[in-house]
There are 2 protein chains.
Amino acid sequence: MSRVVKKSAESPAATRIPAAERRELILQAATAVFAERGYAGATTDQVARAANISQPYVVRLFGTKETLFVEAMDRALGKLDESFRRVIAAYDAGALADQVALLDPALGSRRQDRLRQLMAVAYADLIEDRGILMMLMQSFVTGHEPVIGPRARDGFLALYRLIRDEAGLDADAARDFLAQGMLMNTLISLRLPEVYDEEPTATELLECTLRTKLPLVLNASRAHRRVG
Amino acid sequence: MSRVVKKSAESPAATRIPAAERRELILQAATAVFAERGYAGATTDQVARAANISQPYVVRLFGTKETLFVEAMDRALGKLDESFRRVIAAYDAGALADQVALLDPALGSRRQDRLRQLMAVAYADLIEDRGILMMLMQSFVTGHEPVIGPRARDGFLALYRLIRDEAGLDADAARDFLAQGMLMNTLISLRLPEVYDEEPTATELLECTLRTKLPLVLNASRAHRRVG
DNA sequence: GTCTATAGGAAGATAGAC
DNA sequence: GTCTATCTTCCTATAGAC
């Protein structure tokens, strides 16, 4: 646990890497660590180790742990935003005919009905990188922090506006869409996929919530356990 | 910020109180503090101050911070469980005729449809003590902690079984019910009620999600800011 | 039942070498 | 661009008095 451990082989890489690239590597590591343990629970040293560099270097590049968290959060929000926008643009360009054909007709056929379903799929696809969704979840429960809180609120509201204004969901549909997303986030954050085989109740709830995306999630969960 | 502050008037009460009662007071304080800052972000000293006693005494009574968190979590889960069971029992005893009369007929009239709506109201009522719901949320994102995580999973699954088996909701209805709950938790944890007046988007989303319960929530939020 | 004092151990950040 | 060493602060938990 101490910072002074392992003089072993693959420790601090010391490979010189351009700052921009290094920053992205650290942000990936930070996303995983913050996702797992939250802002207060994570240490800059854990991030450093995950990125295979020294703790002071992390601080050097980002200034403070707070800034690091904010940047990781923005990155996660950005990925989600980007993912939704891509779906919307592709749909409006008529590029998703084959996927549209697979949608449940009972759920409606207006543009907003189609987009609702397509975005739900896109959201669930993001679960593959379980860090993103858990990072968001951790951001949402850090509302009390003076600099993180306001940015988390802004990011969340921006997502809401995106699905309401760009995708055109009416208020109730947008709310339900968000609600399903928050449930998925919760199940992932609770690590329910990790007890999928042992807890019949977990099995049922996961299957009912994630449907066709369940194998994706279970794989991600198992991959995580092999590493973690 | 330091622990050594204020020798002022209303400091450590030193009033002798029976242990059982003191424990409950501390659990209330702990719920508020953990709800606000999470397991890792909260300190036993903050809990102590909220309970007007010394930090070592908190530890003395609960052993470890971890145990304190677990007990606060169990208490919050228990309150929710109790609240739902009370609704179910009252409904089955025919004691809720007047409330049932107010329900939206479009949402169905089977027992499970009624209970779904009545429990939603009960859930939203719990928001009045905003600590409970935020405490639950914080518990759900602490899934990685070796002793807290498993208990949080069990608690969540027990709630799911309650609404499915006792209230009789089918799997999809139970999922949607949970999803709405998780959205409410998220909005509260994000402190969206605190920007209700400033952010039009927040206003819309809160109104759409909380409906008639919104005044309750706004009051709780304002009361909290006066104290906090 | 409750406190003061404090040991012991992180963790974030800085200084400065290579 | 990256590291080692370290300062400082803060926090959990213990000891022991009243």
Side-chain angles (χ1 to χ4, degrees), chain A residues 1-27 29-30 33-34 36-72 145 147-148, chain B residues 1-8 10-27 29-30 33-34 37-72 145 147-148:
Chain A
M1 289 303 142
S2 154
R3 180 182 309 175
V4 213
V5 207
K6 71 162 170 179
K7 318 179 171 308
S8 49
E10 23 60 270
S11 286
T15 347
R16 277 177 93 88
I17 292 185
E21 195 172 326
R22 181 63 87 186
R23 282 179 67 89
E24 170 60 17
L25 288 173
I26 296 178
L27 281 177
V33 174
F34 282 132
E36 201 71 25
R37 327 180 83 103
Y39 173 59
T43 73
T44 54
D45 189 51
Q46 287 161 348
V47 173
R49 277 215 278 268
N52 253 282
I53 56 175
S54 71
Q55 180 267 341
Y57 191 30
V58 171
V59 176
R60 167 82 84 156
L61 280 184
F62 289 87
T64 64
K65 173 175 154 179
E66 189 178 63
T67 311
L68 178 58
F69 186 89
V70 168
E71 294 206 24
E145 285 281 332
V147 359
I148 297 172
Chain B
M1 287 301 139
S2 154
R3 179 181 309 174
V4 213
V5 207
K6 71 163 170 180
K7 318 178 172 310
S8 49
E10 23 61 88
S11 287
T15 347
R16 278 177 92 90
I17 293 185
E21 196 173 325
R22 181 64 89 186
R23 283 178 66 90
E24 170 59 17
L25 288 174
I26 296 179
L27 282 177
V33 173
F34 282 132
R37 328 181 83 105
Y39 173 59
T43 72
T44 53
D45 188 52
Q46 288 160 347
V47 173
R49 277 214 276 268
N52 253 283
I53 55 175
S54 71
Q55 180 267 341
Y57 191 31
V58 171
V59 176
R60 168 82 82 153
L61 280 184
F62 288 88
T64 65
K65 173 175 153 179
E66 189 178 62
T67 311
L68 178 58
F69 186 89
V70 168
E71 294 205 23
E145 285 280 333
V147 359
I148 296 172

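Keep in mind that what you see is a predicted model, and the values were worked out from it rather than measured. Order of the sequence lines sets the chain letters (A, B, ...), proteins ahead of strands, with each chain counted from 1.
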Polar side-chain atom of E21(B) near backbone of P18(B) as donor-acceptor pair, under 3.5 Å = no

For dT2(C), take OP1 and OP2 only and decide whether either is under 4.0 Å from a side-chain N or O of S54(B).
-> no

With a 4.0 Å cut-off on heavy atoms, is A42(A) in touch with a base, just the backbone sugar-phosphate, or nothing at all?
-> sugar-phosphate

Starting from P on dT14(D), measure out to NZ on K65(B) and report it in whole angstrom.
-> 15 Å

Taking only N and O in the side chain of R60(A), is any of them less than 4.0 Å away from OP1 or OP2 of dT2(D)?
-> no

Nearest-angstrom distance from the residue atom CZ of F69(B) to C1' of dC11(D) = 17 Å

L68(B) CG to dA13(D) C1': how many Å, rounded?
-> 14 Å

Interatomic distance, I26(A) CD1 vs dG1(D) C1' [rounded to whole Å] = 11 Å

Please list, chain by chain and in numerical order, all residues satisfying side-chain hydrogen bond (donor to acceptor under 3.5 Å, both in side chains) with R60(A), sequence neighbours excluded.
-> none

Considering heavy-atom distances to DNA chain C, does P56(B) or R16(B) have its closest nucleotide positioned more toward the 5' end?
-> R16(B)

Rounded to the nearest 0.5 Å, what separation is found between the CZ atom of R49(B) and the OG1 atom of T43(B)?
-> 7.0 Å

How far does OH of Y39(B) sit from CD of E66(B), to the nearest 0.5 angstrom?
-> 4.5 Å

Rounded distance in Å - OH (Y57(B)) to C1' (dT12(D)) = 18 Å

Rounded to whole Å, CG of D45(A) lies from P of dA5(D) at a distance of 14 Å

Hey, does I17(A) reach any base, or is it just sugar-phosphate, or nothing, if we go heavy atoms under 4.0 Å?
-> sugar-phosphate

Separation of T15(B) OG1 from N52(B) CG (nearest 0.5 Å) = 8.0 Å

Between P18(A) and T64(B), which is nearer to the 5' end of DNA chain D once each is assigned its nearest nucleotide?
-> P18(A)

In whole angstrom, what separates Q55(B)'s CD from dA7(C)'s P?
-> 15 Å

Euclidean distance, atom CG of residue L61(B) to atom P of dA13(D) [Å, nearest integer] | 14 Å

